[in-house]
Amino acid sequence: MLLATVSIDLRAATASDEPFLFALYASTRESELAAWGWAPAQRDAFLRMQWMAQSHDWAARHPRADHQVVCLQGQPVGRLLVVKDAAAWRVVDIALLPAHQGSGVGTRLLTQVRDEAGKAGVPLRLRVLRTNPARRLYERLGFEVDAEPPEEAAAPYVAMTWNPAPRQD
């Protein structure tokens with residue numbers, strides 16, 4: 001199936017999306033937790049606790065964020081959480097089910113958000129694990145690693161920013 005001909009839609013996340021959003025979150029932690037050797041019930045309890053903590057934290061820190069479910073051909077395959085402030089936009093989270101990673105869906109989503117930020121004349125920011133393969137995608141889309149103080153050089157995450165071209169008024 002050619003991705004260019006496939007419909008990728010965004011819709012507001014609702015309470016009825018909670019089971020999908022939890023399954024999506026769990027899929028992003030699968031390989032990490034597999035290495036720990038925990039029983040399935042232990043893994044599930046840990047993931048639910050972590051997911052609830054993350055959800056509550058993001059809701060408290062970003063109450064006006066656009067929290068959207070990514071749908072491919074009408075089926076949920078991911079989520080996009082973006083904060084849009086007057087000075088800058090921030091991708092708080094972009095996540096896709098493993099079966100849809102590397103398929104071009106993430107590239108289309110980020111390109112769309114980047115282009116919208118460009119029209120608004122604001123930078124687009126995000127944070128990513130230093131070792132996350134998605135970092136190469138961000139770099140291809142024009143994101144650059146922010147200067148960081150020496151004490152953060154060993155931090156697991158790196159901040160990246162895409163800046164729009166200066167306006168030609």
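Here, residue 1 is the first one in the sequence, and each next residue gets the next number.
- Heavy-atom minimum distance, Val83 versus Ala65: CG2-CB, 3.8 Å.
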- Task: Evaluate ring pair (Phe, Tyr, Trp, His ring centres under 6.0 Å) for Phe46 paired with Trp36, printing each intermediate quantity in order.
- Result: CA-CA 12 Å; Phe46 176 79; Trp36 296 357; 5.5 Å; yes
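- For the atom pair Trp89 CH2 and Leu126 CG, the distance stands at 14.0 Å (nearest 0.5 Å).
- Atom NE2 of His62 and atom CG of Asp57 lie 7.0 Å apart (nearest 0.5 Å).
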- Task: Check the pair Arg29, Gln50 against side chain to side chain contact (heavy atoms under 4.5 Å, CB included), reporting the backbone distance first and the verdict last.
- Result: CA-CA 10 Å; Arg29 306 283 307 269; Gln50 292 284 300; 3.8 Å; yes
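- The side-chain contact (heavy atoms from CB on, under 4.5 Å) with His67 is formed by just one residue from the set Asp17, Leu21, Asp93; it is Leu21.
- Screening Arg114, Glu116, Met160 for a side-chain contact (heavy atoms from CB on, under 4.5 Å) involving Leu124 leaves a single residue, Arg114.
- Cys71 places a side-chain heavy atom less than 4.5 Å from the side chain of Arg11.
- Side-chain contact check for Tyr138 versus Ile94: some heavy-atom pair is nearer than 4.5 Å.
- Judged by distance alone, the side chain of Asp85 and the main-chain N or O of Ala87 form no donor-acceptor pair under 3.5 Å.
- The closest side-chain heavy-atom distance from Glu139 to Arg135 is below 4.5 Å.
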- Task: Begin with the C-alpha distance, continue with both residues' side-chain angles, and end with the deciding distance and a verdict on side chain to side chain contact (heavy atoms under 4.5 Å, CB included) for Leu72 and His100.
- Result: CA-CA 9 Å; Leu72 186 65; His100 299 283; 3.4 Å; yes
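- In this structure, the separation between OH on Tyr157 and CZ on Arg127 is 7.5 Å, given to the nearest 0.5 Å.
- Remark: Asn132 CG to Arg130 CZ distance equals 12.5 Å, nearest 0.5 Å.
- Each of Val69, Leu109, Asp66 was compared with Leu10 under the side-chain contact (heavy atoms from CB on, under 4.5 Å) criterion, and only Leu109 meets it.
- Annotation for Ser27 and Pro98: closest pair OG-CD, 3.5 Å, computed over non-hydrogen atoms.
- Applying the 6.0 Å contact sphere to CD of Glu144 captures no more than 12 heavy atoms from other residues, nucleotides or ligands.
- Both Val77 and Leu137 belong to a single network of hydrophobic side chains, linked directly or stepwise wherever heavy atoms of I, L, V, M, F, W or Y lie under 4.5 Å apart.
- A distance of 7.0 Å separates CH2 in Trp162 from CG in Asp115, rounded to the nearest 0.5 Å.
- When every heavy atom of Ala26 is checked against every heavy atom of Leu47, the shortest pair comes out as CB-CD1, 3.8 Å.
- Side chains of Leu81 and Val91 form no contact here, defined as non-hydrogen atoms less than 4.5 Å apart.
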- Task: Starting from the C-alpha separation in whole Å, work towards a yes-or-no answer on side chain to side chain contact (heavy atoms under 4.5 Å, CB included) for Thr28 and Trp51.
- Result: CA-CA 11 Å; Thr28 68; Trp51 181 68; over 6 Å; no
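- Ser55 places no side-chain N or O within donor-acceptor distance of the main-chain N or O of Met52, the cut-off being under 3.5 Å.
- Contact detail for Val122 and Ala86: the closest heavy-atom pair is CG1-O, 3.1 Å.
- Arg61 CZ: more than 12 foreign heavy atoms inside a 6.0 Å radius.
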- Task: Begin from the C-alpha positions of Val82 and Val92 and carry the test side chain to side chain contact (heavy atoms under 4.5 Å, CB included) through to its verdict.
- Result: CA-CA 6 Å; Val82 179; Val92 176; over 6 Å; no
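- By the 30° and 60° cut-offs, the orientation of the rings of Phe22 relative to Tyr25 is tilted.
- Considering CZ of Phe143 and CZ of Arg125, their distance stands at 11.0 Å, rounded to 0.5 Å.
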